[in-house]
Amino acid sequence: MSSFWHWWVIVLVLANILGMVWLIKWAEKKKPGEAAEHETTGHSWDEGTLAEYNRPMPRWWLWLFYITIVFGLVYLILYPGLGNFGGVLGWSSAAQYDREVERIEERLEPIFAQYTELSIPELAQNDEAMQTGRRLFGYECAVCHGVDGGGARGFPNIANDKWQWGGTPEKIVETLTQGRSAVMPPHAGRPALEGDGLDNLVAYVQHLGGREGISEDTITAGRSAYEQAGCIACHGADGTGNQAAGWPNLTLGEYTYGGDAETMKETILNGRSGEMPAFLERLGEDRIHVLAAYVYSLNN
Ligand code: HEC
Ligand code: HEC
């Protein structure tokens, strides 16, 4: 806070409190007993049939008022509230939050450390660990992959044992630790996609994925577009891709973005670049170990 706002807040807060004291004093002008029994304030309503007696405020009520004012002042001395002044107790919400996080971490550390001694397939059989895994998954992963890991458009299904980057314990840990960036470059403007080229290519990719009822002619034309457009370089001559590089296997019939013709055309013409965030810094190795076991358990 700049010093202007610092003083601005202080003046405003203190002026308000002083204002309240003044307000009470003003309203308290008449001490009990001083006002005549039936003296009115002079306000009247309903053509004079309804009038307001001039009665003092009850003592107990006034005292409550004074007590709250004293409480407010004491609070402002002990805790932050007056501009940049942090209060004599040195309390801050951020520090309290950090202390609580630290306390929880201290309690959880031995539990996670004990899980780390088990291999991922072993841990995947441990009900207690998997409950923790499910909770962590709900907090950290479900926004993108869905509560059940079933994925959504643009976010892969990680519960069906069909992998882009690999489903071994090591590969899952690697995915969570360092994240994944995939780049499918745009192919708009390739001569092989002109005319019927794109339609044939899409039909061929669908054929690779197991779709039935596509004519031999279309498949032949599509395969040649597939070769000429350069799809082979990444997805391979047989369409099985390359897990180490994150180039999807098109023969699984499993699509992150979609297997319908419209979506495939979009993928081919504009490219795709899926990003799985890295979690090492956020979660640490021990939690990643438990989460990797949870993902493993969804598939085995
Ligand atoms: C440079 C390597 C590369 C080339 C060349 C390439 N792709 Fe891809 N392709 C990828 C990668 C990587 C992905 C995954 C993108 C992602 O995860 O965001 C992908 C994704 C796809 C998908 C989406 C699959 C899904 O899960 O929805 C289709 C379909 C596809 N490619 C078809 C093709 C076709 C057809 C060609 C040729 C025109 C081609 N690709 C050329 C690397 C490549
Ligand atoms: C912001 C969205 C997002 C969050 C959060 C996220 N992921 Fe992902 N994840 C993705 C995307 C997108 C991909 C696919 C990357 C690509 O296109 O190659 C992916 C890929 C993966 C893969 C690789 C799948 C394969 O087929 O190889 C695994 C495993 C995975 N995520 C697990 C997790 C786990 C566990 C968490 C929670 C710690 C998590 N993800 C959190 C977006 C997310």
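Atoms within each ligand, like the ligands themselves, are counted from 1 in listed order. This chain uses plain numbering: 1 for the first residue, then up along the sequence.
Checking only distances, Gly274 does come within under 3.5 Å of ligand 1, N or O to N or O. Of the N or O atoms in Ser181, none lie within a sub-3.5 Å distance of an N or O in ligand 2. For Tyr255, no nitrogen or oxygen atom sits less than 3.5 Å from a nitrogen or oxygen atom of ligand 1, counting backbone and side chain alike. The distance criterion of under 3.5 Å between nitrogen or oxygen atoms is not met by Tyr226 with respect to ligand 1. Between Arg272 and ligand 1, no N or O atom pair is found at a separation short of 3.5 Å. Any N or O atom pair closer than 3.5 Å counts here, and Arg180 shares no such pair with ligand 2.
Of the possible donor and acceptor atoms, none in the side chain of Ser3 sits under 3.5 Å from a partner among the backbone N and O of His6. In terms of modelled atom types and a separation under 3.5 Å, the side chain of Asn299 and the main chain of Gly167 share no donor-acceptor contact.
The nearest protein atom to atom 27 (O) of ligand 1, hydrogens excluded, is given as Tyr257 N, 2.8 Å; this is a heavy-atom distance. Protein heavy atom nearest atom 17 (O) of ligand 1, with residue, atom name and distance: Gln164 NE2, 3.0 Å. When hydrogens are left out, the protein atom nearest atom 10 (C) of ligand 1 is Met184 CB, 3.4 Å; that is the closest non-hydrogen contact. In this structure, the protein non-hydrogen atom closest to atom 33 (C) of ligand 2 is Met276 CE, 3.3 Å. From the protein, the heavy atom lying nearest to atom 4 (C) of ligand 1 is Cys234 SG, 3.3 Å.
The contact set between ligand 1 and Gly230, taken as ligand atoms under 4.0 Å from a residue heavy atom, comprises 5 (C). Residue-ligand proximity, Gly246 to ligand 1, at heavy-atom distances under 4.0 Å covers atoms 12 (C). Heavy-atom proximity to Leu291, at under 4.0 Å, picks out these atoms of ligand 2: 38 (C). Interface of Pro156 with ligand 2, defined as ligand atoms under 4.0 Å from a residue heavy atom, comprises 11 (C), 13 (C), 14 (C), 19 (C), 20 (C). Within ligand 2, counting atoms from 1 as listed, the ones closer than 4.0 Å to a heavy atom of Trp163 are 25 (C), 26 (O), 27 (O). Atoms of ligand 2 found under 4.0 Å from any heavy atom of Ala182, numbered from 1 in the order shown, are 16 (C), 17 (O), 18 (O). Per-residue contacts place Leu176 under 4.0 angstrom from the following atoms of ligand 2 (heavy atoms of the residue considered): 32 (C), 33 (C), 34 (C), 35 (C). Counting atoms of ligand 2 from 1 in the listed order, those under 4.0 Å from a heavy atom of Cys141 are 34 (C), 35 (C), 36 (C), 37 (C), 38 (C), 39 (C), 41 (C). For ligand 2 and Thr175, the ligand atoms under 4.0 Å from any heavy atom of the residue are 21 (C), 22 (C), 23 (C), 28 (C). Shown in contact with Val295 at under 4.0 Å from a heavy atom are these atoms of ligand 2, numbered in order with element: 35 (C). Close approach of ligand 1 to Val205 is summarised as follows: ligand atoms under 4.0 Å from at least one heavy atom of the residue are 35 (C).
Under 4.0 angstrom from ligand 2, the non-hydrogen atoms of His145 all belong to its side chain. Of all the heavy atoms of Pro277, the ones lying under 4.0 Å from any atom of ligand 2 belong exclusively to the side chain. Under 4.0 Å from ligand 2, not a single heavy atom of Leu136 appears. At a heavy-atom cutoff of 4.0 Å, ligand 1 is contacted by the side chain of His187 but not by its backbone.
Contact between Ala233 and ligand 1 is absent, with no heavy atom of the residue lying under 4.0 Å from the ligand. Taking 4.0 Å as the cut-off, Gly167 does not count as a neighbour of ligand 2 on heavy-atom distance.
Nearest to atom 29 (C) of ligand 2 by heavy atom, out of Val143, Ile158, Asn160, is Ile158. When the options Thr267, Leu269, Thr256 are ranked by their closest heavy atom to atom 28 (C) of ligand 1, first place goes to Thr267. Proximity annotation for atom 38 (C) of ligand 1: of Pro248, Ala229, Cys231, Cys231 comes nearest, heavy atoms only. When the heavy-atom distances from atom 2 (C) of ligand 2 to Ala152, Cys144, Gly166 are ranked, the shortest goes to Cys144.
Atom 8 (Fe) of ligand 1 lies under 2.8 Å from an N, O or S atom belonging to His235.
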